[in-house]
2 protein chains.
Amino acid sequence: MARTVEAVLDHAAAACARRGAQLTPLRREVLRLVLEAEGPVGAYALLDRLKETRAGAAPPTVYRALDFLLEQGLIHKVERLNAFVGCAEAPHGHAGAGDGHGHPHQFLICRRCGATTEISDAAVTQALAAAAGRAGFVLHGATVEAEGLCARCAQG
Amino acid sequence: MARTVEAVLDHAAAACARRGAQLTPLRREVLRLVLEAEGPVGAYALLDRLKETRAGAAPPTVYRALDFLLEQGLIHKVERLNAFVGCAEAPHGHAGAGDGHGHPHQFLICRRCGATTEISDAAVTQALAAAAGRAGFVLHGATVEAEGLCARCAQG
DNA sequence: CCTCGGACGATATAATGTATCTCTCTGCGG
DNA sequence: CCGCAGAGAGATACATTATATCGTCCGAGG
Ligand SMILES: [Zn+2]
Ligand SMILES: [Zn+2]
Ligand SMILES: [Zn+2]
Ligand SMILES: [Zn+2]
């Protein structure tokens, strides 16, 4: 797993460089903390972990890094949780569209165990685009977060 | 317009009563403030307005009322804005499902003028339900918030 | 050398949301 | 009438999340 995270970090650094951006050591460290977390992680939880290696870290430190990672499409924000997760697709070649918006995605959030699964369902994306179009709305992005019970918790 | 708001409030009170809940004067006042706002309105903005008539109002005052109104499906929360809007369907007979979750809905949020339009698109709802089902996820509700340019702003 | 811009450090403050305890009112059983 | 339970609300304090602002450093380009 540690190997995997390092590989993703290297891949992310390359993707940033390709777009003229730079995954600095600080940003890389924050991204690592997000990826190592088991699920969505709050900015202040990240800050606490970051302080272990960077004593002077403060809220703007982590928020600036998170803003960068969001722009690069390397992480997503879960609005319902005010928390952040690594993009599930970044390691598989997508790594952000370079347009500053990431890619269309949806979250399935378990109300019991908190598991948050990223999916990228074309039908959902299309349906939303169609609905927006009918309203004359020019779509730039969307937050889609489902709440319910994950497969594991639904069994009990 | 004022007439309309009063009519909606009366309708909401009746709907609550039908479900064994009570739209108390305080809750009614908070709902009125939400409905009178031009768009999504934050809890603390509501609190400021509420203080004009209820000097002792504090954060829990407004949050408790908002929680009740959310449960009754009379308002929705816009997660991306941390703000609240009146349900666009409540005045038209729906007025909450009574199941404590409101109804499926989506928001179209204009990044330029801030206009927030509530829609209820069956195709989006179905597509999301299908995607969740394929993941073995039991869907209970969803936050769907599109960002872009409204018809008016897109023209410029 | 100069200076310009991006990244970061540092401090303070704003905005949003909860916990907890008390108090009062109301309806009801005894 | 009395005592009690439960909902609603007042009040204080606190927790969590996010931003504003200013200063410093450093490398790219002139
Ligand atoms: Zn993603
Ligand atoms: Zn679960
Ligand atoms: Zn609605
Ligand atoms: Zn607009």
Side-chain angles (χ1 to χ4, degrees), chain A residues 12-13 16-17 19-31 33-34 37 40-72 74-85 100 114 143 145, chain B residues 12-13 16-17 19-34 37 39-72 74-85 100 114 143 145:
Chain A
C16 289
R19 296 176 219 128
Q22 212 184 338
L23 189 68
T24 64
L26 172 60
R27 290 163 175 172
R28 184 179 174 114
E29 178 67 13
V30 172
L31 178 55
L33 292 175
V34 172
V41 58
Y44 281 73
L46 289 171
L47 178 55
D48 287 345
R49 300 258 287 114
L50 189 60
K51 280 178 179 167
E52 294 171 8
T53 55
R54 302 207 171 219
T61 310
V62 67
Y63 277 105
R64 283 193 290 234
L66 289 171
D67 285 346
F68 173 86
L69 298 172
L70 286 169
E71 276 172 16
Q72 294 298 315
L74 297 168
I75 64 173
H76 301 301
K77 179 170 186 180
V78 186
E79 297 285 348
R80 287 177 72 117
L81 305 177
N82 292 321
F84 303 84
V85 291
T143 298
E145 301 177 0
Chain B
C16 288
R19 293 177 222 130
Q22 214 184 335
L23 189 67
T24 63
L26 173 60
R27 291 163 176 174
R28 184 179 175 113
E29 178 66 13
V30 172
L31 179 54
R32 184 213 307 286
L33 291 175
V34 173
V41 58
Y44 280 74
L46 288 171
L47 178 55
D48 287 344
R49 301 258 287 115
L50 190 60
K51 279 178 180 167
E52 294 171 8
T53 54
R54 302 206 170 221
T61 310
V62 67
Y63 277 105
R64 284 193 290 231
L66 290 171
D67 285 347
F68 173 86
L69 297 171
L70 286 169
E71 276 173 16
Q72 295 296 315
L74 296 168
I75 64 173
H76 300 302
K77 178 168 187 180
V78 186
E79 298 285 347
R80 287 175 72 115
L81 306 177
N82 292 322
F84 303 84
V85 291
T143 298
E145 302 177 0

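Residue numbers start from 1 in every chain, and the chains themselves are labelled A, B, ... in the order their sequence lines are given, proteins ahead of strands.
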Closest non-hydrogen atom pair, B:Ala65 against B:Val30
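Looking at all heavy atoms of both residues, the shortest contact is CB-CG2, 3.7 Å.
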Could you pull out the closest heavy-atom pair between B:Leu74 and B:Leu31, with the gap in Å?
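Answer, listing the atom of B:Leu74 first, then B:Leu31: CD1-CD2, 4.2 Å.
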Starting the side chain at C-beta, find the nucleotide from C:dG17, D:dA9, C:dT11 nearest to B:Arg64.
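For the B:Arg64 side chain, the nearest candidate turns out to be D:dA9.
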Nearest to the side chain of B:Thr61, heavy atoms from C-beta on, is which of D:dA18, D:dG10, C:dG17?
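The answer is D:dG10.
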Does OP1 or OP2 of [N] have a side-chain N or O of [X] closer than 4.0 Å?
X       : N      : value
B:Lys77 : C:dT16 : no
A:Asn82 : C:dT16 : no
A:Arg54 : C:dG9  : yes
B:Tyr63 : C:dG17 : yes

Intermediate values then yes/no, side chain to side chain contact (heavy atoms under 4.5 Å, CB included), A:Lys77 and A:Val85
CA-CA 6 Å; A:Lys77 179 170 186 180; A:Val85 291; over 6 Å; no
Just do the side chain to side chain contact (heavy atoms under 4.5 Å, CB included) check on B:Phe68 and B:Leu23 with the steps written out, would you?
CA-CA 9 Å; B:Phe68 173 86; B:Leu23 189 67; 4.1 Å; yes
Nearest-angstrom distance from the residue atom [atom1] of [X] to [atom2] of [N]:
X       : N      : atom1 : atom2 : value
A:Leu47 : D:dT17 : CG    : C1'   : 11 Å
A:Arg19 : C:dG6  : CZ    : P     : 18 Å
A:Asp67 : C:dC8  : CG    : P     : 12 Å
B:Lys51 : D:dA9  : NZ    : C1'   : 16 Å
A:Leu81 : C:dT16 : CG    : P     : 19 Å
A:Asp48 : D:dA15 : CG    : C1'   : 13 Å

Starting at CG of A:Leu69, measure out to CZ of A:Phe84 and round the result to the nearest 0.5 Å.
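Reported value, rounded in 0.5 Å steps: 9.5 Å.
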Kindly compute the distance separating NZ (B:Lys51) from CG (B:Leu46), expressed to the nearest 0.5 Å.
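Spacing of NZ (B:Lys51) from CG (B:Leu46) equals 12.0 Å.
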Could you say whether A:Phe68 or A:Pro60 is positioned toward the 5' end of DNA chain C, judged by the nucleotide with the nearest heavy atom to each?
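So the residue in question is A:Phe68.
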Which residue, B:Gly42 or A:Gly56, contacts DNA chain C at a nucleotide closer to its 5' end, judged by nearest heavy atom?
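Checking each residue's closest nucleotide, the 5'-ward one belongs to A:Gly56.
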Return the residues of residues 21-31 of chain A meeting this criterion: a heavy atom under 4.0 Å from some atom of DNA chain C. Order them by number, or give none.
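Result for residues 21-31 of chain A: A:Thr24, A:Leu26, A:Arg27, sorted by number.
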Tell me if the side-chain of A:Tyr44 makes a donor-acceptor pair with the base of D:dA18, cut-off 3.5 Å, by modelled atom types.
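Result: at least one qualifying N/O pair found.
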Please step through side chain to side chain contact (heavy atoms under 4.5 Å, CB included) for the pair A:Thr143 and B:Glu79, ending with a clear verdict.
CA-CA 9 Å; A:Thr143 298; B:Glu79 298 285 347; 6.0 Å; no
